[in-house]
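Just so you know, ligand 1 is whichever comes first in the structure, and atom 1 is the first atom listed for that ligand. Every value quoted in this text rests on a predicted model; they were computed, and no experiment measured them.
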Amino acid sequence: MTTRLYENTVFLEHITPPGHPERPDRLRSLNLALEHPNFTALKRIEAKVANEDAVLLAHPESHLFGVMRQIPEEEGEINQLEADTYASSKSLQAALTAIGGAMAAVDDVFTGVADNVFVASRPPGHHAEKDKAMGFCFFNTIAIAARHAQKVHGAERVAIVDWDVHHGNGTQDIFWDDPSVLFCSTHQMPLYPGTGAKDETGVHNNIVNAPLSPNVGSDHFREAFKSRVLSAVKDFSPDLILISAGFDAHHRDPLAQINLVGDDFDWATARLMELADRSAGNRVVSLLEGGYDLEGLAESAGLHILRLMKG
Ligand SMILES: [Zn+2]
């Protein structure tokens with residue numbers, strides 16, 4: 001497999017208040033893991049900033065302008081957008097560069113320069129609803145990537161698989177009434193943001209939620225992933241698989257109580273790659289979402305990327 005990874009130092013310049021779990025050290029710990037010789041063949045590329053118009057693929061203009069208005073001008077200043085969502089002077093540039101990386105990743109898998117791509121970006125995106133920044137997220141990067149695949153590359157069916165331990169309420173909100181996008185999520189419930197019950201199925205049965213009870217581990221996760229997520233993706237026969245890759249279901253993570261190990265992310269990646277091989281020409285694009293224990297994140301994301309490289 002040819003695997004690319006998009007990164008940019010601006011992702012380290014989105015600053016949150018002291019003690020906030022969504023912090024630049026997350027990417028530093030992943031970068032340390034990527035120094036291992038296992039990753040020598042990984043093609044690491046600098047993500048370019050997207051035009052602000054890209055945001056409009058998934059959000060109204062009012063949301064874009066609303067976020068822009070709340071970005072502080074002074075370096076060192078931090079603004080609170082919402083309960084737990086903060087912006088520093090470089091946050092808009094970081095969020096737009098995350099979008100730029102995701103769109104380039106989609107371009108790469110459709111033009112064939114890469115089989116699959118991981119975007120090591122922050123802030124994350126899956127909690128951002130059509131007109132609401134929340135849960136550390138400003139814009140829904142993965143929704144924008146899906147729309148970009150449809151608009152520019154003619155993708156008819158895009159599957160988004162979200163294994164972040166929190167429900168991807170924003171992605172569900174954006175695609176609730178869109179039969180061209182399948183959204184499947186495994187997540188702990190109850191937990192923030194409170195959505196993601198099994199009976200939330202979307203207007204066209206294009207939403208598949210597989211909630212997990214607190215304190216379960218690999219067996220429950222794999223069973224739910226197989227019976228709910230993989231079967232839905234297989235039936236949907238997507239042209240592209242996008243992954244909202246959060247690693248906060250790892251047992252070390254401080255924000256949730258699911259007990260996955262690194263190997264579970266390797267396993268889930270391999271299963272999705274098998275499905276991508278069947279219908280999507282191997283096209284897999286994975287975006288970093290959550291993951292707040294530095295060791296758990298580096299281990300899990302490392303194994304995920306290694307599996308993308310190995311096939
Ligand atoms: Zn999360």
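Here the N, O or S atom of His166 that is nearest to the Zn ion (ligand 1) is ND1. Closest approach between the Zn ion (ligand 1) and any N/O/S atom of Asp248 involves OD2.
Aromatic rings from Phe136 and His166 are positioned such that their centres are separated by 6.0 Å or more.
Pairs of residues two or more places apart, or lying in two chains, never qualify as salt bridge (Lys or Arg N to Asp or Glu O under 4.0 Å) while including a residue from residues 240-249.
Screening Arg28, Lys43, Arg44 against Glu7 for a salt bridge (charged side-chain N to carboxylate O under 4.0 Å, His left out) leaves a single residue, Arg44.
Taking 2.8 Å as the criterion, Asp164 counts as a coordinating residue of the Zn ion (ligand 1), since one of its N, O or S atoms falls below it.
For His153, the NE2 atom sits in a packed shell: over 12 heavy atoms of surrounding residues, nucleotides or ligands are nearer than 6.0 Å.
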